[in-house]
Number of protein chains: 2
Amino acid sequence: MTTSKYSFTLNSDLYIKDPTSSETGRKVIASGAKLILENGIEAFTAKKLAVDAGITEATVYKYFANKQRLLQYYFQLYWTWLEQQVKVFTAIETDPLQSLVKAVRVISNIPAVAADPGVITKYDLRELVINEGSKAYYHAQVDEDNAKRFFAPYKSITALLATMILAVKPDEKYPLALATTIIEMSHSLKYYAKHLPALTDFPHETDQVKLDDFLLQLLYNSLKIKP
Amino acid sequence: MTTSKYSFTLNSDLYIKDPTSSETGRKVIASGAKLILENGIEAFTAKKLAVDAGITEATVYKYFANKQRLLQYYFQLYWTWLEQQVKVFTAIETDPLQSLVKAVRVISNIPAVAADPGVITKYDLRELVINEGSKAYYHAQVDEDNAKRFFAPYKSITALLATMILAVKPDEKYPLALATTIIEMSHSLKYYAKHLPALTDFPHETDQVKLDDFLLQLLYNSLKIKP
DNA sequence: TTGCAGAATATAGTATTACTATAATTTACA
DNA sequence: TGTAAATTATAGTAATACTATATTCTGCAA
């Protein structure tokens, strides 16, 4: 691990050279996110990134060994940043239940006042992770990558939410699975609402409000608390 | 749509030539599943499939236009088959709640007595869909593919479960989202239990029992019913 | 049995991709 | 100003995702 230009630390095994350490590196991050968002990780190539960023292909490989690592970089950046947001927004709450509700709201819906983490806007980063994030770990090298702690931030935010769940309901049998369910569904239901709406009860215009309502209801019912 | 060798019908736009219609086609399905399971869809190539099946690369392309279509074929086969299983196993139940519980159990854990759908065992097919299934729709062409009704069986089993939920709790506000949550988590939590256990509360040996317990508790709590 | 249409399969290619090795240039600062 | 180290560019290679075309089967009418 080494510090970078963010207010938090990313796993340095993800990259060959820290992309936040140079203007060229920041172009790699920005163009990469833009192109992956536009056409998906499958259509994304180092050559396209190089052309978009006005650099050469070989330069891209000076920063990231391959596109899987670049994707995992965004993945780690997103979850690290989101956990930080959860901490910031729950710090002011004293009641455990209010804290938990706030955490779910932050996870489901980025607060408008949050500052951008850097080169990519938080909205683009979130959409990138919603669309492509699962491919960071649904991969043949998942166990190797897990051993390198690439998924630590994702586990960390899940553990934080699980702790908050236990603070409200100390006898909850499956706090981690419940936390995972809320985090995962808050992202995948957004994708479904947009692309496969038959899997949700959310008309497109109202999806955020209804998604928040669904997740909180799921939580309240699981904790056997009346809203 | 056209009928194939299964007791149900798959979308004929998925393939160029029905792989169940010839010995070579069945080899494509069998070798494809084997190789995708072994090393993931990213490492999978038409050439490797051809070598494994003892055919040539061009022959593979006579059956499937590309590997995305082959993956979507497995995806559709799995969900169509699983919905049929749910129907078979809930047909004997008369009580709506017992039906629903049985449905969740079938979705979470393949009953041992179920017959294989054909060339691939149901266990391999399920593992393939758990590992790679989300890539069938987390893809830049999701809207096009959805218009071609490639995800119809996935929507159909979700709609069936939602209907069963409504039969138990007619005033449920989000039956589809709840059905999606149960179906999705029944698969992804299995993957996490195996590869990222820190995201679950399930020690590896007992994961199936605990996963079933977690999902049923989520359901009971959501329906406000005591187990 | 032969002839032959159409289906099935094989051969041989191409453009693109995911990298790598090495050369050239810039920068940092003694 | 000179030079080592850092940075970037050039120029490759092996592999991949297909496609075009050639060849071989297969069923069955004459």
Side-chain angles (χ1 to χ4, degrees), chain A residues 2 4-5 12-32 35-36 38-73 132 135-136 139-141 144-145, chain B residues 2 4-5 12-32 35-36 38-73 132 135-136 139-141 144-145:
Chain A
T2 183
S4 75
K5 293 288 157 61
S12 61
D13 290 342
L14 280 171
Y15 47 77
I16 294 163
K17 177 182 153 76
D18 184 351
T20 65
S21 71
S22 71
E23 193 51 47
T24 303
R26 287 185 289 272
K27 281 186 200 162
V28 170
I29 298 294
S31 291
L35 294 174
I36 292 172
E38 273 172 15
N39 298 307
I41 191 87
E42 289 83 10
F44 171 79
T45 72
K47 179 74 192 158
K48 288 178 190 168
L49 164 44
V51 169
D52 188 85
I55 58 178
T56 63
E57 208 186 335
T59 303
V60 178
Y61 287 101
K62 292 285 164 180
Y63 288 90
F64 291 97
N66 51 57
K67 66 180 182 180
Q68 181 68 6
R69 287 287 178 271
L70 178 60
L71 177 61
Q72 287 168 338
Y73 182 89
E132 313 289 342
K135 295 166 194 169
H139 197 278
Q141 283 75 46
E144 270 172 59
D145 291 352
Chain B
T2 186
S4 76
K5 293 288 156 63
S12 60
D13 290 342
L14 280 171
Y15 47 78
I16 294 163
K17 175 181 156 74
D18 185 351
T20 65
S21 72
S22 70
E23 194 50 46
T24 304
R26 287 186 288 273
K27 280 187 203 162
V28 170
I29 298 294
S31 291
L35 294 175
I36 292 172
E38 273 172 16
N39 298 307
I41 190 86
E42 289 81 11
F44 171 77
T45 72
K47 180 76 193 156
K48 288 177 190 167
L49 164 44
V51 170
D52 188 84
I55 58 177
T56 64
E57 208 185 337
T59 302
V60 177
Y61 286 103
K62 291 285 165 181
Y63 287 90
F64 291 97
N66 51 59
K67 67 180 180 179
Q68 180 70 4
R69 287 286 178 273
L70 178 60
L71 177 61
Q72 287 168 339
Y73 182 90
E132 312 289 342
K135 296 167 194 167
H139 196 277
Q141 283 75 45
E144 269 172 59
D145 290 353

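Here is the naming used below: chain letters follow the sequence lines, and residue numbers restart at 1 for every chain. Source: prediction; values computed, not measured.
Contacts of A:Thr45 with the nucleic acid, taken as non-hydrogen atoms under 4.0 Å apart, involve only primed sugar atoms and P, OP1 or OP2. Residue contacts for B:Tyr63: at a heavy-atom cut-off of 4.0 Å it reaches the sugar-phosphate backbone alone, with no base atom in range. Residue-level contact check: A:Lys47 touches neither bases nor backbone, having no heavy atom under 4.0 Å from any strand.
Computed from coordinates, the A:Glu42 CD to D:dT16 P distance equals 17 Å when rounded to whole Å. Rounded to whole angstrom, the span from the CD1 atom of A:Ile16 across to the C1' atom of D:dT7 amounts to 14 Å. We find that CG of A:Leu71 is positioned 14 Å from P of C:dA18, with the value rounded to whole Å. Atom OH of B:Tyr61 and atom P of C:dA10 are 16 Å apart (whole Å). Nucleotide D:dT16 holds its P atom 17 Å from the CG atom of B:Leu70, rounded to whole Å. Regarding A:Phe64, its CZ atom lies at a distance of 16 Å from the P atom of C:dT20, rounded to whole Å. The separation between A:Lys67 atom NZ and C:dC19 atom P is 9 Å, rounded to whole Å. Regarding B:Lys62, its NZ atom lies at a distance of 12 Å from the P atom of D:dT21, rounded to whole Å.
Residue A:Ser22 has no polar side-chain atom (N or O) positioned under 4.0 Å from OP1 or OP2 of D:dT7. In terms of phosphate contacts, B:Thr24 brings a side-chain nitrogen or oxygen within less than 4.0 Å of OP1 or OP2 of C:dT9. In this structure, A:Lys17 reaches the D:dT7 phosphate: one of its side-chain N or O atoms is under 4.0 Å from OP1 or OP2. The phosphate of D:dA9 has OP1 or OP2 within less than 4.0 Å of a side-chain N or O from A:Thr59.
The two atoms that bring A:Arg69 and A:Leu14 nearest to each other are CB-O, 3.5 Å, heavy atoms only. Nearest heavy-atom pair, B:Ser22 versus B:Gly25, reported as atom, atom and distance to 0.1 Å: OG-N, 3.0 Å.
Put simply, the side chain of B:Leu70 reaches to within 4.5 Å of the side chain of B:Phe44, judged on heavy atoms. The closest side-chain heavy-atom distance from B:Phe64 to B:Ile29 is below 4.5 Å.
If you check D:dT10, D:dA17, C:dT9 against the side chain of B:Glu57, the one that comes closest is D:dA17. The side chain of A:Ala58 lies closest to C:dT20, out of C:dT20, C:dT11, C:dT9. Here C:dC19 is the nucleotide among C:dC19, D:dT21, D:dC18 with the atom lying nearest to any side-chain atom of A:Asn66.
Positionally, the nearest nucleotide of DNA chain C for B:Ile55 lies more toward the 5' end than for the other of B:Ile55 and A:Ala65.
Looking only at atom types and distance, the side chain of A:Thr24 has no donor-acceptor partner in the side chain of A:Tyr63 under 3.5 Å away.
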